[in-house]
S.K.: 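Could you have a look at this structure, given as C-alpha cells, before my questions?
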Amino acid sequence: MASKSSLQPSPVAAAFRSLQWDPLSSLRLTPQETALLRMAESNPIEYTLGDARDATMYVRVLLKLLAEASVNVSGHVARITEECNENRALDALDADPLGVVTHYAIAKLSTIIATLSSPWAAENGVSIGNVFYAGSEGVLIEQWKALLRVISKGKGDAYAQRSAALCLAQILVAACPSQRGASDTNAKDGAGRAPSYSSAIEPLEALTAWVITQLKSPNAVTVGTTVPAIMTLTSATEGRQIFAASGGIKYLSRQLRQREKSKSSSSSSGSSERKANSSVQQLYELAFCLWCLTYELNNFADVRADFAKDGLPVMALVELVSSAPREKVVRVALAALRNLATCSADIHPEPDMPRIDSKVFLGEMIACGLMKAIKLLRDRQFTDPDIVEDVDKLHKLLADNFKEMTRWEVYQNEVETGQLSWGSTHTEAFFKENAKMMEGKDGDFKLVKILISLLSSSDEDISAIACFDLGEFCRHYPNGRAIAKRLGGKDLAMTLIEHDNPELQRHALQCVSKMMVQNWEYVK
C-alpha cells in the first residue's frame, strides 16, 4: 500500500514567466546568480541538474531567493487561494513581486526534488543527497533554513507553507540511513559519499515541531499544510521515530476524530460536495500516516504506549471503519488495526513499563465496538482483496480474544475507552458480582472517576449508561454512596435531572436516588 499526497500548483504560476530579476534589487542577486536563473529558464531541468555541482549552485540561488523574498512580503499573494488567469497573476506580480518570487522559488525547488527522485536521476548519478548535501562529509547545505523560515513565518499562505514543508521533508528524509539509495553513492563527481544523517537530525526535529503545532489546530486548511510533509516523514523509520516521540500519534488521532465528526455533520449536497470530498481525502491521508506509524510497534515500547494512551488511536480507527466513508479510508484503517492486533512486546520489551501488546489493543477494539463493525463489513462486497483479508483476520483475532476475556475485562475496557453501550455488563447482576472490582488495583477507584466524567459526555446514551453504572456501584459497594458523592458524582448527576432527553433524565433521577436512599430495592 503506497500513497502520495498531490500538490496544487501556485495560484500565481501564470506570472512566473514575466519575472524580471534586474529591477528586484532587494533580492541582492549577483550578476552570476541572475545569469544562472536565466540559463535555467531557457534549458530543460535535466540539463541544469546534469552535474551535481552545478545543480547545487542552482538550488543555493533558489534558496537565497527564498530567504530574501520571504523577509518583507506584503501578503497580497498569500491571500490568493484560487488559481489566477494570466491577467490576475500579472496584477499580483505588480502588487506583490516578492510574494510571486517566493512562490516561484518554492515551485522550482519542488520540480528539482521531483526530478532528483525520478529514474532519470538514478541513471545519471544525481540525487537529493549529492545536490542538497555538500562537502566530503555530505553535510546539509546551510541555506535549508530559508524553507524553515517560510513554513514558520508564512502564516496564511497555504501554498507556500504546504509546498515548502514538503520540500524540506523530502530533502531531510533523503539523509535517513533507511532511505539511502544507490544514486547517493554513484555521484558523477566521484565523491561516493552518502548524505550526513547527523546534519539532518536537528532540522528534522525543527520541522516536526512545526508540524505538531499545526496539528493542534481545529482548522482543516491549517492541518492540510502539514499533510504532505507528514506523509513524507512517516515513510522513513527515522522520521517515524522523531514524529512519534514528539506526540504525533496523539495529535493525528485527535485530528482523525475531529475530521470524521465534521465530515459526518456536513451536508454532501450542492456546493458542499467538493468540501466533503476534500474532507474524505484528508481523512485518508491522516489515516495513512497513522498506519505508517504502526510499523514501529514492534520496535519501540514508547510507540506501543502512545498507541495505547487513552484508547484514542484505536477509537479513531474504529470510528473510521464503522462509518466507512470511502473504501480507501476503510482499507488503510483496517491495515492499521491489523498491525495493532498482531504487534508483540517480545522483540523490544521495556522492563520498567507495563506490558503493552496485541492483547491490550484487541481489548480496546472490542470495547469500541469493532466486532459489530467487522460483522457488517463481512457482508459487503469489496473490490480490494486486502480489505477482505484484513476483515477476516481481524474477525478471527477479535473472536478468539473475546472468548479469553472475562466479563470484567470487557467492562473495564469499555469504561476506559469511554465507549459505553447497553449490554450484559450494565445490569444489576453484573454489579452484584463485580462491585468490589471498582476499587482498582491501587484502590484509587479509577473506573468510578471515569464514569463520573462520562456523565458529561456529549453522547446522551453514554451519559445514561454512566448514570446507571454509578447508581449500581453506590448500591452494591460498601460505602459506595459516600465515595461517589465525594468524587463529585452526585452534583454532576443532579444537573442531568432536568435534561431534555427523557431517558437520560430518568437514569439521572434514579442515579441520584440510589446515592441518597439506603434500601433502594424497597423504593424500586
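Everything quoted here is computed from the prediction, not taken from an experiment.
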S.K.: What's the spacing between S152 OG and L147 CG if we round to 0.5 Å?
M.R.: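 So the gap between those two atoms works out to 10.5 Å.
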S.K.: Between K396 and D400, does any side-chain N to carboxylate O distance fall below 4.0 Å?
M.R.: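 Yes, K396 and D400 are salt-bridged.
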S.K.: Is it true that N501 and E460 share a donor-acceptor pair across their side chains at a distance under 3.5 Å?
M.R.: yes
S.K.: What's the spacing between I171 CD1 and T232 OG1 if we round to 0.5 Å?
M.R.: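 Reported to 0.5 Å precision, the distance equals 11.0 Å.
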S.K.: Determine, stepwise, if the pair S178 / E238 fulfils side-chain hydrogen bond (donor to acceptor under 3.5 Å, both in side chains).
M.R.: CA-CA 7 Å; S178 65; E238 296 83 358; 2.6 Å; yes
S.K.: Could you work out, with salt bridge (Lys or Arg N to Asp or Glu O under 4.0 Å) as the rule, every residue matching K446, not counting sequence neighbours?
M.R.: E416
S.K.: Once ring pair (Phe, Tyr, Trp, His ring centres under 6.0 Å) is applied, what residue pairs with a partner in residues 364-416 remain, sequence neighbours excluded?
M.R.: W408-Y411, Y411-H426, Y411-F430, Y411-F431
S.K.: Going from CG on L340 to CD1 on I356, what distance comes out if it is rounded to the nearest 0.5 angstrom?
M.R.: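 CD1 of I356 is found 11.5 Å from CG of L340.
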S.K.: Any side-chain donor paired with an acceptor under 3.5 Å for K153 and Q161?
M.R.: no
S.K.: Does a donor on one side chain sit under 3.5 Å from an acceptor on the other, for E439 and Y477?
M.R.: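 Yes - a donor-acceptor pair under 3.5 Å links their side chains.
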S.K.: Any Lys/Arg nitrogen of D392 or R378 sitting under 4.0 Å from an Asp/Glu carboxylate oxygen of the other?
M.R.: yes
S.K.: Measuring from S235:OG to I230:CD1, what's the distance to the nearest 0.5 Å?
M.R.: 12.5 Å
S.K.: Are T383 and E327 close enough that a side-chain donor and a side-chain acceptor fall under 3.5 Å?
M.R.: yes
S.K.: Can you tell me how far OG of S10 sits from CD1 of I106, rounded to the nearest 0.5 angstrom?
M.R.: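 The CD1 atom of I106 sits 8.5 Å away from the OG atom of S10.
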S.K.: Any carboxylate oxygen within less than 4.0 angstrom of a Lys/Arg side-chain nitrogen, looking at R304 and E296?
M.R.: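 Salt bridge absent between R304 and E296.
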